[in-house]
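First comes the structure, then the notes that go with it.
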Amino acid sequence: MAKMRAVQVAKPNGPLELVERDIPEPAPGQVRIKVQACGICHSDAFTVEGAFPNIQYPRVPGHEIVGIIDAVGAGVQTWATGQRVGVGWHGGHCGRCDRCRRGDFINCRFAQTPGLHYDGGYADFMVAPSEALALVPDELSSEEAAPLLCAGITTFNALRHSGARAGDLVGVLGIGGLGHLGVQFAVKMGFHTVAIARGTDKEPLARQLGAHRYLDSQAQNVAEELTKLGGARVILATATSSKAMTAVIDGLGVDGKLLIVGVTTDPIEVTPLQLISARRSIQGWPSGTAMDSQDTMAFSALTGVRTMIETAPLDRAAEAYARMMSGKARFRMVLTTGS
Ligand SMILES: [Zn+2]
Ligand SMILES: [Zn+2]
């Protein structure tokens with residue numbers, strides 16, 4: 001049987017180890033992808049650290065996968081070998097549960113994610129269910145497309161469903177892996193975009209990404225500054241700090257919404273009075289489906305939104321993962337297979 005390289009975690013908190021495995025065969029309803037690039041996401045820590053329930057080990061992480069379909073399982077009708085596709089956080093749904101029956105596939109009771117429920121993209125090949133595939137436009141390289149399958153779709157999909165309209169004041173809290181994409185999407189969607197981060201270091205980058213204004217949360221009272229501008233219709237919270245989120249709530253205007261995509265486990269502090277008086281709300285947003293990923297990539301190709309990446313070859317996955325975890329990556333790490 002033909003072999004491939006894969007980077008697996010053998011047990012919770014085990015190291016990322018390069019191993020040789022059989023190349024998988026696609027089951028009915030699945031395709032096999034010859035992986036070209038796979039982004040490293042902070043959520044890969046769920047697999048590495050065993051922080052997600054019921055992961056079967058050994059497991060290959062990775063849910064920002066781009067590659068070429070090289071084999072198609074029985075019953076797959078809409079995809080063919082040779083197509084370049086991506087697979088993201090939403091790696092499959094059952095199509096039969098009550099949520100799927102309402103068309104809410106991202107909230108499927110049996111939703112799957114590559115790298116958690118089945119082996120992901122830290123490998124030369126992987127198999128995925130056909131409903132998890134998104135077509136990658138020619139304008140994007142596989143390396144720059146990969147992070148759009150998680151970091152990109154999350155910010156794009158949250159913003160396009162946020163209720164903000166062209167010209168509205170939209171803040172993006174945090175300029176990192178998610179935020180540097182959030183700023184670009186907000187600008188391209190026609191929002192009056194305010195980038196918010198700690199210190200002045202990020203200001204030149206925020207301006208380069210198109211932000212109309214920059215607020216330094218260490219030197220300025222962000223809530224007051226946003227209020228002076230009329231109050232934000234939406235603040236997209238990408239920073240993984242509940243304290244930073246708490247601090248901006250009073251900067252929301254009438255019907256303003258704190259839209260959360262940065263994952264934390266600490267409580268946000270807010271009083272009913274803060275929410276009631278201006279009909280403010282707080283909402284979380286979980287990525288989207290494969291079609292949303294396809295829309296994210298198509299919009300990026302169309303408008304010039306690009307992920308800032310650092311690449312590393314597959315066999316240096318452990319090092320690249322450590323760099324992502326250290327917060328030093330600018331801004332997304334992407335593994336390449338050389339395919
Ligand atoms: Zn992710
Ligand atoms: Zn379902």
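Order of appearance sets the numbers: ligands from 1, and atoms from 1 within every ligand.
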Practice item. Determine, for D22 against K3, whether the closest basic-nitrogen to carboxylate-oxygen distance falls under 4.0 angstrom. Key: yes
Quiz prompt | Residues K243, D266: salt bridge by 4.0 Å N-O rule | solution = no
Check: Y57 side chain, T47 main-chain N or O, donor-acceptor pair, under 3.5 Å: yes
For NE2 in H63 and SG in C41, the angle at the Zn ion (ligand 1) (nearest 10°) is 110°
Let me check your reading of the structure: within less than 2.8 Å of the Zn ion (ligand 1), is there an N/O/S atom from H42? no
The SG(C97)-the Zn ion (ligand 2)-SG(C100) angle, to 10°, is 110°
Minimal heavy-atom distance between F191 and H212, with the atoms involved, is O-CE1, 3.2 Å
The Zn ion (ligand 2) reached by C108 (N, O or S, under 2.8 Å)
yes
